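A short write-up of the structure that comes next.
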Amino acid sequence: MSDFDIKFGPWINYGNSNKDDEIKEKMNDLVTSVWSPFNGQDRSQVFIFCMSYGFGRGMEPIKPPPAGSGSMPASAFDKEMRDLMKFVAITNNKNFEVATDAKEVVRICEGFAYAAFLHIYDKIKNRSTTIQPEEILENLIQEVSQ
């Protein structure tokens with residue numbers, strides 16, 4: 001395990017940290033509603049999907065991301081997720097050294113995840129009833145691929 005993984009300890013502010021955060025209620029919808037492809041999933045998976053989508057679509061990251069007390073511990077993210085987060089930070093900053101600063105990696109990734117969340121929520125929530133929950137994720141992935 002790399003030193004970065006050992007020191008990766010910042011809490012991620014996303015989806016449950018502020019009572020005035022418009023994402024909080026919508027995040028709960030996504031992980032608890034039967035109409036959502038994220039039903040029963042961890043919030044970390046929603047975060048990674050939104051971060052990846054926002055980055056892949058070239059969305060402008062929210063700077064700074066909304067502050068909060070932290071809603072997801074570092075332990076919610078497995079090694080593969082942390083590697084993806086480092087990749088996003090390195091590519092965004094065009095600098096390998098950013099991968100050694102876990103707090104900066106998290107800040108960059110929060111920015112992309114917040115930038116994409118409401119768009120993704122709207123696409124999932126307001127999709128045609130003929131589209132299955134899993135299909136909407138495939139459609140969103142296809143948008144990034146184009």
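Predicted, not measured: the structure shown is a model, and the values here were computed from it.
- Residues Asn139 and Lys123 are not in side-chain contact: their nearest non-hydrogen atoms beyond the backbone lie 4.5 Å or more apart.
- The structure places CD of Glu97 at 11.0 Å from CG of Asn93, a figure rounded to the nearest 0.5 Å.
- Here the OG-CE distance, from Ser44 to Met85, works out to 10.0 Å after rounding to the nearest 0.5 Å.
- Scanning both residues, Gly56 and Val144, for their nearest heavy atoms gives CA-CG1, 3.7 Å.
- The structure places CD of Glu138 at 9.0 Å from CD of Glu135, a figure rounded to the nearest 0.5 Å.
- Of all non-hydrogen atoms in Arg127 and Ile136, the two that sit nearest each other are CD-CB, 3.9 Å.
- Within the 4.5 Å cutoff, side-chain heavy atoms of Ile141 are placed close to those of Phe49.
- With respect to Arg107 and Glu104, a salt bridge is recorded, a charged nitrogen being found less than 4.0 Å from a carboxylate O.
- At a threshold of 4.5 Å between non-hydrogen side-chain atoms, the residues His119 and Arg57 do not count as touching.
- Asp78 places a side-chain N or O within 3.5 Å of a backbone atom of Glu80 that can act as its donor or acceptor partner.
- Between Asp83 and Lys79, at least one side-chain N (NZ, or NE/NH1/NH2) sits under 4.0 Å from a carboxylate O, which counts as a salt bridge.
- Under the side chain to side chain donor-acceptor pair (under 3.5 Å) criterion, Asn126 pairs with Asp122, sequence neighbours left out.
- Counting heavy atoms from C-beta outward, Phe47 and Met81 have side chains that stay 4.5 Å or more apart.
- The two residues Cys50 and Ala116 make their nearest non-hydrogen contact at O-CB, 3.3 Å.
- Between Met51 and the options Val46, Val88, Ile108, a side-chain contact (heavy atoms from CB on, under 4.5 Å) holds for only Val88.
- Side-chain atoms of Leu137 and Phe38, non-hydrogen and from C-beta on, do get closer than 4.5 Å to each other.
- Minimum heavy-atom separation, Ser33 to Asn39: O-CB, 3.1 Å.
- Here the CD atom belonging to Glu143 is positioned 9.0 Å from the CD1 atom belonging to Ile120, to the nearest 0.5 angstrom.
- Looking at heavy atoms from C-beta onward, Asp29 lies in side-chain contact with Tyr121 at the 4.5 angstrom threshold.
- Between Leu84 and Ser52 there is a side-chain heavy-atom pair separated by less than 4.5 Å.
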message: Could you go through Thr129 and Trp35, starting from their C-alpha distance and side-chain angles, then the distance that decides it, and tell me whether this counts as side-chain contact (heavy atoms from CB on, under 4.5 Å)?
response: CA-CA 9 Å; Thr129 56; Trp35 51 260; over 6 Å; no

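- Pairing each heavy atom of Phe117 with each of Met27, the nearest pair is CZ-N, 3.7 Å.
- Counting heavy atoms from C-beta outward, Ile48 and Phe77 have side chains that approach closer than 4.5 Å.
- Hydrophobic clustering (side-chain heavy atoms under 4.5 Å, transitive across Ile, Leu, Val, Met, Phe, Trp, Tyr) groups Val106 together with Phe96.
- Rounding to the nearest 0.5 Å places NZ of Lys86 at 13.0 Å from OG1 of Thr91.
- Across every non-hydrogen atom of Pro61 and Ala115, the tightest pair is CA-CB, 4.2 Å.
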